[in-house]
Each structure stands twice: as structure tokens, then as C-alpha cells.
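Counting starts at 1 for both ligands and their atoms, in listed order.
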Amino acid sequence: MPSYLKLDRAELERRATKAHERLKKCDICPNNCGVDRLAGQVGLCRAGADVEVASWNLHNGEEPPISGERGSGTIFLSHCTMKCAYCQNWPISQKGNGKSTDASGLAGMMLELKSRGAHNVNFVTPTHYMPQILEALCIAVDGGFDLPIVWNTSGYEVMPALRLLDGIVDIYLPDMRYACDRQAKKYSGVKMYSAYNRAGVKEMFRQVGDLVIDADGIAVRGLIVRHLVLPGGISGTEEIMKFLAEEVSLGVHISLMDQYFPAYRAETMPELARKITPEEYQTAMDIMERYGLHEGWVQEHV
Ligand code: SF4
């Protein structure tokens, strides 16, 4: 049974209400724009009061225990709190492609994905729509929704927002993109990424712990960290693996990703204008090994 069904119904509604109030002076992510999204203002992410969805469908390309055999019910949300120069989903994250809907509409998508056999509902880039997702969850539960929630996030989070998800999200799937704030600012336009990202990942781990997989090989609870290896050591793999091994857990599941390619504005930056080499990926795998991090997924070839 997913965690949110064990929460008192009034508590679930209280969380949704508290989250909604934060939209009046938005501080849902570290950008802390302070805009009144309920009055039509937008901040750095460009997200408004209504949720915008680019697509929703069954997806088989996530990590094996997330996609399973029937697929993960992914809901791709428009806009993003980060401005990655190399974003592969830039028409959705940066241009904001998608259609506006309300909490009832979002709840309908969740229920449709359940009826199509999804193992979970996987909110992709959810941070800036956390209040609307909680509102939708209340409605979806009334309609019989009972799938685990996957929070598939850039990992650029603030503690008060994450605390509202405690006991609601079962599976956290955060990125750890950089160890260095200078690189995060230059390539993703965010400040103090490392501190917010590390504190966020620690809090996620406190809430859900190491990954738990059921007898059918499907994730039911836990943390999976995604680390995209960028060219030239920009992603700070050594520091991130050291942090995970020493401050999170040796049992943490890591998805070490090799699929970087120069999308969006990356071609204009010489250091980002190429794929990674097999040697760079091998180095990242060797670092994981050296820190005793053996759980998760690596790719066989670059
Ligand atoms: S969610 Fe958007 S508006 Fe709110 S603080 Fe973050 S970037 Fe600003």
C-alpha cells in the first residue's frame, strides 16, 4: 500500500492546503522568487497557478524496477526550476510546451494511467507544481488511485517543500548534477546547487531509505539517485560519490547515465559540445566502485 493511503485523509488535505498557500509568495524551490502565482505572476520557472502537462503515457525507458513490464505512468510537466544549457527536454522545460489543466484534470490523468496498468505514477520535473500535485492526489484517491508516486526531480529542492511530501512520496528519483556551485550556475543558471541538492537528497533518504523492490522486481519505496556524466568532469562525479557513500548510504541505488549529447544551447559552449568518451564513463564507474557503491545501474557501452 502506498504511504499516502496510510496518512489520515485530513492530513493529506492539510498538506495540500499548506502547499497551496506557498504559491502566494512562491518559495517552493531555492530560487525563492516570492511572486504571487495565484494572482497570475510568474517567477523564474514561468509556471503559474494551473498545472501544465506536456504529455502523459506509459514509459518503458526508466530504471528496470520503475518501468517494470507494464511501464511507468509518466506525467511530463512543463517548465523547470533550472535552466540547463544542455537540456534534452528543452521544448518542455524551457519553452513551456504543454497544456494547462487543473487539479481535477491531473487527477484524471493519474487514474487513466492506473487503468492502463502503470506500476506507478511518475511525475517528471514536479518541484514547481508540488501544491497542484497534492491537490490532484486528494481527488485521485477519492477515485480509487492507489499507485506509488515517483518524484522524478532535478534535486534542486528546499526543505519546507520536501517536508510536505513526507509520507506521501514513496520513490524519490533525484538528479545529482554537479558538485560545484560555479558549474551549476554557469550551465544550469542556479545558485548554491550543491548545498540544496545534498540537503534534499539526505532528506529524501531520511523519508524513504534504501530502495525496496517487491517479489515481481518492482520498486515500492526508496531512493534512486541519477547522475548524468558530463564531458570534461563538469558533473563532479568523485565528490558526489564520496558524499553518497559517506553521508547517505552505501546501499543507495545509483543510475549512472552515459546518454549526454549536446542539446539545446550546448553546441555554443565548446566544453559541452560533444558526447562523453568511453574513458570518461569508465572513470565514473571506477569511482563508484572505489567508494563501495555497488547498487544501481550502469550502461555497458558508451
Ligand atoms: S517554483 Fe518557480 S516561481 Fe516558485 S520559487 Fe521556484 S522558480 Fe520561483
TODO: Considering heavy atoms of the protein only, find what lies nearest to atom 4 (Fe) of ligand 1 and give residue, atom and distance to 0.1 Å.
DONE: Cys26 SG, 2.3 Å
Task: N/O donor-acceptor pair under 3.5 Å between Asn197 side chain and Tyr178 backbone - done: no
Task: Side chain His253, main chain Val225, donor-acceptor under 3.5 Å - done: no
Open item on the list: Tell me whether ligand 1 is touched by Arg37 - counting only heavy atoms on the residue side and a distance under 4.0 Å.
Closed with: yes
- [ ] State whether Cys45 contributes an N/O/S atom found under 2.8 Å from atom 2 (Fe) of ligand 1.
- [x] yes
- [ ] Using the six-membered ring wherever Trp is involved, compare the ring planes of His128 and His79 and label them parallel, tilted or perpendicular (cut-offs 30° and 60°).
- [x] perpendicular
Open item on the list: Contact between Val53 and Phe76 at the side-chain level, heavy atoms closer than 4.5 Å - yes or no?
Closed with: no
Task: Atoms of ligand 1, numbered as shown, that sit under 4.0 Å from any heavy atom of His128 - done: 1 (S)
Task: Atoms of ligand 1 close to Asn31 [distance to a heavy atom under 4.0 angstrom, numbered from 1] - done: 7 (S)
Open item on the list: Among all the protein's non-hydrogen atoms, which is closest to atom 8 (Fe) of ligand 1, and how far away is it?
Closed with: Cys33 SG, 2.3 Å
Task: For atom 6 (Fe) of ligand 1, closest protein heavy-atom neighbour - done: Cys29 SG, 2.3 Å
TODO: Flag the pair Glu238 and Lys242 as a salt bridge only when some basic side-chain nitrogen lies within less than 4.0 angstrom of an acidic carboxylate oxygen.
DONE: no
- [ ] Check whether NZ of the Lys or CZ of the Arg Arg198 lies under 6.0 Å from the centre of the six-membered ring of Phe243 and within 45 degrees of that ring's axis.
- [x] yes
TODO: Give the contacting part of Asn32 toward ligand 1: side chain, backbone, both or neither, where contact means a heavy-atom distance below 4.0 Å.
DONE: backbone
